[in-house]
Amino acid sequence: MITNARVLQSEFVPNDVKHRPAEVSHLSDTLRPVTNGNRPEPSFLYGPSGAGKTCIARHTVEQLRENVVDLNTQYVNCWEEHTAFQTLYRVLDAVGNTHDIHRRSTPTDELVQRLREYDGPQYIVILDEVDQLEDKEILYDFYRIRNLSMILIANREEDVFSDFDGRLNSRLQTCIRIRFNQYSLDQLVTILEDRVQWGLEQGAIETQGLERIADHAAGDARIAIGLLRNAARQAVQQQTEQITDDVIDAVVSETKSEIRQKTTDKLTPHQQVLYDLITETDRIGAGNLYSAYCETVEDPKTRRTMRNHLSKLQQYNLITASGNTRNRTYSACG
DNA sequence: GATCCACAGGAATCCTCGGGGT
DNA sequence: ACCCCGAGGATTCCTGTGGATC
């Protein structure tokens with residue numbers, strides 16, 4: 001049934017991207033100056049999750065690498081590397097300048113300094129989930145590095161640009177903004193068809209089955225591909241040679257919670273507890289939440305810290321807050 | 001309308017961790 | 001073995017806000 005499991009991962013970047021032609025050409029036009037050794041303007045890709053931002057960015061950069069002899073590139077997920085130090089380290093790492101940098105004893109300023117001394121070929125850095133970057137000032141530092149250009153990726157425009165100060169804003173205001181909309185049902189089916197062709201035996205699933213998957217995914221390619229993968233696995237287990245509607249329906253809730261799990265895994269234990277408490281109730285105020293939290297955990301942090309955690313959870317789109325001051329309540333998203 | 005209360009979130013400060021230098 | 005340093009998390013302190021109460 002499964003002939004190539006790798007292409008059933010949503011992180012897999014295909015050589016050939018049939019969907020999103022407008023976005024691809026907009027981005028590659030923007031990056032074109034590197035082919036002449038010049039520095040492109042920074043670009044900013046935004047839109048809902050599973051809309052292909054990361055995939056298109058990586059794909060486009062990969063295409064460039066094949067055509068440009070001298071080009072450095074790096075991909076950084078700012079959720080995983082959310083401090084200025086970690087992000088800088090990654091960026092320096094790709095140009096091989098980190099051998100004597102130590103996590104605790106090298107000041108961040110020195111990393112910036114070292115990056116300023118960069119004198120190599122054009123360098124494209126993809127900063128994914130850039131809204132999760134704690135210290136956005138560092139984008140200003142990146143902007144001033146010779147031969148370094150950035151591709152920024154985030155869900156919402158305002159998450160990135162609202163907390164810039166004027167200086168940073170005026171610099172990055174000019175960046176090329178490319179909006180990604182949710183995939184339509186037909187586009188999702190096209191994406192899935194490719195994956196089926198590359199990764200499954202012929203006839204493993206009908207077009208009608210792909211439409212059913214696309215329907216469950218509601219425009220999110222990550223969910224769609226996850227569904228296809230889990231359905232194929234399930235079919236293998238059941239030793240059937242076709243992915244039926246029943247198989248698809250059976251893996252829907254499992255797949256969706258699997259994807260949600262991936263985000264909650266990145267939370268600290270205390271954030272996890274707060275998130276669980278909020279999901280257990282449909283809405284809860286700050287006072288009740290804090291006392292419930294104190295009962296659950298043996299070494300509770302202060303109220304202030306809880307508020308920091310709560311705003312983090314909001315940034316991650318796991319919870320929403322409604323109402324002001326005394327009447328504010330928190331509830332889980334989705 | 002004045003006052004109180006519960007809360008949000010900014011800023012300064014404290015605490016802890018882990019590696020380097022001596 | 002000891003101290004020192006910087007980062008990042010947590011805490012303390014604070015101001016601002018808006019509904020509740022008298």
Answer with base, sugar-phosphate or nothing: what part of the nucleic acid does [X] contact at a heavy-atom distance below 4.0 Å?
X      : answer
A:Y330 : sugar-phosphate
A:H270 : nothing
A:T305 : base

(request) Report yes if a side-chain nitrogen or oxygen of A:T108 is closer than 4.0 Å to either non-bridging phosphate oxygen (OP1 or OP2) of C:dA7; otherwise report no. (result)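 True: A:T108 side-chain N/O within range (under 4.0 Å) of C:dA7 OP1/OP2.
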
(message) Quick check on C:dC13: is either OP1 or OP2 less than 4.0 Å from any side-chain nitrogen or oxygen of A:R303?
(response) no

(message) With no hydrogens and no angle check, just 3.5 Å: does a side-chain donor-acceptor pair link A:N15 and A:H59?
(response)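 Side chains of A:N15 and A:H59: no pair found under 3.5 Å.
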
(message) Checking A:N324 against A:R328: is there a side-chain donor and acceptor pair closer than 3.5 Å?
(response) no

Can you tell me how far [atom2] of [N] sits from [atom1] of [X], to the nearest Å?
X      : N      : atom1 : atom2 : result
A:Y89  : C:dG8  : OH    : P     : 14 Å
A:F85  : B:dG18 : CZ    : P     : 15 Å
A:R328 : B:dC7  : CZ    : P     : 12 Å
A:L133 : C:dG8  : CG    : P     : 11 Å

Where the side chain of [X] is defined as all heavy atoms beyond and including C-beta, which of [options] is the nearest nucleotide?
X      : options               : result
A:T325 : C:dG18, B:dG9, C:dG6  : C:dG18
A:N308 : C:dT11, B:dG9, C:dG19 : C:dT11
A:A286 : C:dT11, B:dC7, C:dA7  : B:dC7
A:H82  : C:dG9, B:dA8, C:dT11  : C:dG9
A:P107 : C:dG18, C:dG9, C:dG6  : C:dG6

(message) For B:dG10, does the base pair up with any side-chain atom of A:R304 as donor and acceptor (N or O, under 3.5 Å, distance only)?
(response) yes

(message) Is there, by distance only and without an angle test, a donor paired with an acceptor across the side chain of A:R326 and the base of B:dC5 below 3.5 Å?
(response) yes

(message) Looking at A:K136 and A:D131, is any side-chain nitrogen of the basic one under 4.0 Å from a carboxylate oxygen of the acidic one?
(response) no

(request) Kindly indicate whether the side chain of A:I213, heavy atoms from C-beta on, has any atom under 4.5 Å from the side chain of A:I205. (result) yes

(request) Evaluate the ring planes of A:F12 and A:W198, with Trp represented by its six-membered ring, and classify them as parallel (under 30°), tilted (30 to 60°) or perpendicular (over 60°). (result)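 Ring orientation, 0 to 90° scale: perpendicular.
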
